[in-house]
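I have placed the structure first, in the form of structure tokens, so that the comments after it can refer back to it.
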Protein chains: 2
Amino acid sequence: MIEHLIAHIGKFCTIDPDKLNLLEAFFEHRIYKKKELLLTEGDRCHEKFFVVKGCVHLFYLRQNGMEQTVDFAIENWWVSDFMAFQHSTAAQFSIRAVEKTEVLCITAEHQRKLLKEVPELNEYFHLLFQKAYAAAQMRFRFLYEFSKEELYRHFSQHFPDFMQRVPQYLLASYLGFTPEYLSEIRKKYLS
Amino acid sequence: MIEHLIAHIGKFCTIDPDKLNLLEAFFEHRIYKKKELLLTEGDRCHEKFFVVKGCVHLFYLRQNGMEQTVDFAIENWWVSDFMAFQHSTAAQFSIRAVEKTEVLCITAEHQRKLLKEVPELNEYFHLLFQKAYAAAQMRFRFLYEFSKEELYRHFSQHFPDFMQRVPQYLLASYLGFTPEYLSEIRKKYLS
DNA sequence: CGCGACGTTGATTTGCCTCAACGATTGTGG
DNA sequence: CCACAATCGTTGAGGCAAATCAACGTCGCG
């Protein structure tokens, strides 16, 4: 399992293999069933997750009771409520497995110890979060630029395979519109 | 100048003061006049900026020719097109001074050398980008949750002083609506 | 088999945009 | 220091994208 993470680290920076062997001890390997919760809004968030296999979504409960999906995470992505993780406060988001999902989980405390032993990992996380933040900048750009219909088309062109993996109502939620409107778009799209 | 940055680093982690004294040599201190460009869309982006004093906005040119503001940066914020910075490719965004602005500028190359000499800074950037990404998660949440009018009210309650600093059309652009609609909201808001 | 979750369809409503015209304010050259 | 232009903000009429609501297929699962 840990080799997936090590391979991922290798894409960003080179770290002494001996040090990388220390990694395993700090992580917990977990398997979540479809629809199981990794994190519940309101609970203290002291973990973050590296998705080895599967798919989860990050969401929160809206005023009107609907679950609003803010993000997905699939293979080789980290996911957590990072604000809550950084400050060890109550989570503002929940995380749920969309399908059976395998993760490597590390607590804030373990991460502190790990980074003390292998400070080189800070470079990995630096580059990783820089990339994630840059991706967020682009996502804002798309949100500004595109109509809902264009958002859907853009997304379906860029991630055609991913669309097969998640139910439409989650996709609609993520893209910021209603399942009804998604139906309408898809109908047009089939011609 | 550099002491502002050093103070900011101190908020995230503790680094040997001797090492921090090395910092100055890697940065260039610059002053931009109001409306001057720090970065132009399409140019190669090999710099990032730490705002010491003033305010800039990050924007891109829409299909219809309008400038779409995606973000602001004020005192103690880093700003760049981080995607382009990370890969040293063409910028997808421009950056312009909203008012007279003082920055510390570092090139990608200098940063590489600096991080080799002071690898502890990777911890700073790790925490910094984690925080920035977490803030982006919250911003997505607001974008999903609020109507345009609520976005405006939320923003004006949280950053009343900032609203005085930027022209309304930039604010409208950032919040994702037209100056005309902003006028309409403000009229209601004055009762 | 039957129930509940998911997807579709159509009628109606609305938040916000577009366009055009008009004040107000700022800045700039003579 | 004024005149004029350009930029910025406001107002109103009309229109459209997308939401809401309600009702009805359909599929997977216990």
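This one's a predicted model, so the numbers in the text were calculated from it and none came from an experiment. Below, read A as the first sequence line, B as the second, and so on, with proteins coming before strands; counting in each chain starts at 1.
In this structure, A/Met66 places its CE atom 12 Å from C1' of C/dA5, rounding to the nearest Å. As a whole-Å value, the separation of B/Lys188 NZ from D/dT10 P is 15 Å. Between A/Tyr144 atom OH and C/dC16 atom C1' the separation is 16 Å, expressed in whole Å. Rounded to whole Å, the distance from CD on B/Glu67 to P on D/dT7 is 12 Å. The CD atom of B/Glu150 sits 11 Å away from the P atom of C/dG15 (whole-angstrom rounding). Put simply, NZ on B/Lys33 is 15 Å from C1' on C/dG27, counting in whole angstrom units. One can place CG of B/Leu171 at 12 Å from P of D/dT10, the figure rounded to the nearest angstrom. As rounded to whole Å, 18 Å separates atom P of C/dA5 from atom CD of A/Gln168.
Judged by a 6.0 Å distance limit and a 45° cone about the ring axis, B/Lys19 is not positioned over the six-membered ring of B/Tyr124. Taking the ring axis of B/Tyr144 as reference, the NZ or CZ atom of A/Arg62 does not stay both within 45° of it and closer than 6.0 Å to the ring centre.
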Per-nucleotide protein contact string for nucleotides 12-30 of chain D, where B marks a base within reach and S marks sugar-phosphate only (heavy atoms under 4.0 Å, - for neither):
S-----SSBBB--------
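Judged as a salt bridge (Lys or Arg N to Asp or Glu O under 4.0 Å), and not counting sequence neighbours, A/Glu24 has no contacts.
Between A/Arg186 and the phosphate of C/dT8, there is a side-chain N or O to OP1/OP2 separation shorter than 4.0 Å.
The aromatic rings of B/Phe82 and B/Phe129 lie perpendicular to each other, with more than 60° between the two planes, well past the 30° mark. Classification of the A/Trp78-A/Phe125 ring pair by plane angle, with boundaries at 30° and 60°, yields perpendicular. Ring geometry for A/Phe72 against A/His57 counts as tilted: the plane angle lies between 30° and 60°, on a 0 to 90° scale.
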